[in-house]
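Notes follow the structure.
Note that this is a predicted model, so its numbers are computed, not measured. Residue numbering restarts at 1 for every chain, and letters A, B, ... go by the order of the sequence lines.
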Amino acid sequence: MGVTAGIELKALAKSYGEIRAVRGIDVSVAAGETVALLGPNGAGKSTTIDMLLGLLAPDGGTATVFGHTPTKAVDDGLVAAMLQTGGLIRDLRVRELVTLAGSLYPKPLDVGEVLKLAGIEPIAEQMTQKLSGGQTQRVRFAVALVADPELLVLDEPTAAMDVEGRRDFWATMREFASRGKTVLFATHYLEEADAYADRVVLMAAGRVVADGAPTEIKALVGHRTIRATLHDAPLEALERLDGVTHAERHGESIVLACSDSDAAIRALLAAFPSARDIEIRGAGLEEAFIQLTTAGEDAG
Amino acid sequence: MRSTTYIRYELIRTFRNRRFFIFSFGFPLILYFAIAGPNRNDRSLSGTGISLRLYYMVGLAAFGAMNAMLSTGARISAERTTGWNRQLRITPLSTRTYFRAKVLTGYIVATMALLLLFLAGRILGVHLPGHIWLEMLGLMLVCLVPFAVLGILIGHLVSAESIGPVIGGSIALFAFLGGVWFPITGGGFLSKLAEALPSYWLARASHIAIGGSGVTTHGWIVLGIWTIVVAQLARRAYRRDTKRS
């Protein structure tokens with residue numbers, strides 16, 4: 001990873017009574033990286049984030065942010081976050097709330113610019129208690145954004161947003177990250193981690209079960225499938241091809257499960273040039289997710 | 001970082017909340033007019049030589065001011081319910097600025113509550129020398145310091161669902177045991193207990209309008225101890241109060 005210290009989590013652990021929410025995790029995020037913390041509910045994502053922000057004291061291990069303790073990083077205004085739970089204080093207009101949030105930081109962004117970025121300019125004069133769920137999420141994003149932090153932490157940020165809202169949200173997040181900022185976001189939406197993170201840290205049952213580029217996560221369980229129309233090939237011959245682990249026939253078409261789809265497609269075309277209507281499909285993060293998290297639970 | 005912006009919006013929010021107005025200002029005023037209005041010509045309450053309208057003015061002023069100070073707790077509790085306190089905790093806002101904003105807001109509200117009661121007294125015909133009005137106001141404001149910090153403490157300990165009864169109950173206890181509504185006399189346990197409460201000294205401060213002697217050294221010590229102890233507890237409660245709701 002990079003030379004600049006970003007986030008360093010070392011053997012970080014936290015229990016709530018008998019429940020071991022986070023069981024000693026090591027994660028490092030370089031400054032400027034966008035990392036997704038992916039996992040099902042109860043994986044320990046929010047607990048990890050609370051420790052990273054200094055809201056929760058770890059039972060074991062350490063968290064450092066840009067070489068400082070979380071509390072120091074927060075006090076220096078280096079960090080801003082959109083927490084998973086939480087609404088807005090009432091009796092303020094949206095613009096006033098964003099101004100208030102900005103005033104707490106050493107070098108806030110221009111409020112007008114932030115309202116535009118977060119797509120809440122049209123509701124800037126509305127009272128915070130009169131907003132819809134999706135609007136509230138956007139305002140909460142603006143409250144974090146106005147801080148112009150070096151590290152932006154987003155815990156399940158798109159919950160309660162509609163499809164269009166999500167798209168706008170991630171576009172803004174990408175724009176922000178492109179200014180050299182570090183972004184850590186927790187999500188259980190696999191597509192979001194896949195589409196918007198440079199790297200995915202997969203958590204299950206309080207442990208990190210995988211850590212790598214979204215493509216690497218998929219490669220870990222490997223499996224892409226090749227589909228083709230091919231009627232004269234015996235299944236045994238197909239299964240002997242390089243990179244193929246299993247072959248099935250569905251009428252006119254064959255389906256090959258692959259450990260290495262690049263090798264498999266070359267071998268297929270060399271051996272059976274008549275194969276047509278070829279499709280190669282990634283198993284998607286969804287399948288990787290199920291496999292890896294189930295493995296993690298077994299080990300835990 | 002401009003802490004003045006935080007304090008300014010804190011005040012704006014407080015004064016935009018209508019429910020808060022009714023409870024902090026309306027309630028003591030309505031009580032005052034209801035009790036003292038029909039009896040405003042009673043010039044000697046139970047033969048004491050103190051007019052009823054004056055006696056209830058000072059009593060309800062003390063009550064209204066305590067109420068205004070503890071209402072800080074209700075606002076904090078509501079902020080905690082929305083998770084806003086966690087959001088604040090991950091900003092560079094210092095504990096000191098946060099406390100300052102809460103205390104200042106409490107003070108502005110309490111001062112308004114006192115002035116409104118005094119104005120109501122004037123409307124019903126209370127006459128006092130100018131220096132007595134000022135002395136009473138000043139002394140009462142100083143005696144309210146423990147209540148300013150108590151509001152913060154309660155706000156960080158009590159959930160929004162139970163904050164109403166807790167504040168109402170605390171005020172009733174402080175008022176009753178501290179002799180705000182009925183004078184506590186004799187040297188027994190009740191009067192010893194009363195003298196250990198800040199509300200007793202707040203009532204004494206208000207009683208300079210009816211010939212009382214104000215706050216004694218013993219009183220300043222009691223108020224000082226309450227302030228220090230409650231402030232420490234409030235600081236601790238604020239620091240610990242970072243859990244997800």
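Side chains of B:Leu88 and A:Leu104 form a contact here, defined as non-hydrogen atoms less than 4.5 Å apart. A:Val79 is not listed as a side-chain neighbour of B:Ile90, based on a closest heavy-atom distance of 4.5 Å or more. Using a 4.5 Å heavy-atom cutoff, the side chains of B:Arg89 and A:Leu53 are not in contact.
When all heavy atoms of B:Pro92 and A:Val74 are compared, the closest pair comes out as CG-O, 3.5 Å.
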Tell me, with the steps shown, if A:Ile89 and B:Tyr9 meet side chain to side chain contact (heavy atoms under 4.5 Å, CB included). CA-CA 11 Å; A:Ile89 40 170; B:Tyr9 281 122; over 6 Å; no

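Heavy atoms from other residues, nucleotides or ligands lying under 6.0 Å from CZ of B:Phe25 number more than 12. Remark: B:Phe15 CZ is packed, more than 12 non-hydrogen atoms of other residues, nucleotides or ligands lying under 6.0 Å away. The 12-atom threshold is exceeded at CZ of A:Arg179, counting heavy atoms of other residues, nucleotides or ligands nearer than 6.0 Å. A 6.0 Å sphere centred on CZ of B:Arg235 holds no more than 12 heavy atoms belonging to other residues, nucleotides or ligands. The environment of CZ in B:Arg236 is sparse: at most 12 heavy-atom neighbours from other residues, nucleotides or ligands sit within 6.0 Å. No more than 12 heavy-atom neighbours from other residues, nucleotides or ligands sit within 6.0 angstrom of NZ on A:Lys10.
For B:Trp133, the ring pair (Phe, Tyr, Trp, His ring centres under 6.0 Å) partners are B:Phe118, not counting sequence neighbours.
With a 4.5 Å cut-off on non-hydrogen atoms, A:Val143 touches chain B through its side chain but not through its backbone. Proximity to chain B involves both the backbone and the side chain of A:Ala81, based on heavy atoms less than 4.5 angstrom apart.
A donor-acceptor contact shorter than 3.5 Å is absent between the side chain of B:Gln87 and the backbone of A:Met82.
Heavy-atom neighbours of chain B within the stretch residues 91-98 of chain A, taken at a separation under 4.5 angstrom, comprise A:Asp91, A:Leu92, A:Arg93, A:Glu96, A:Leu97.
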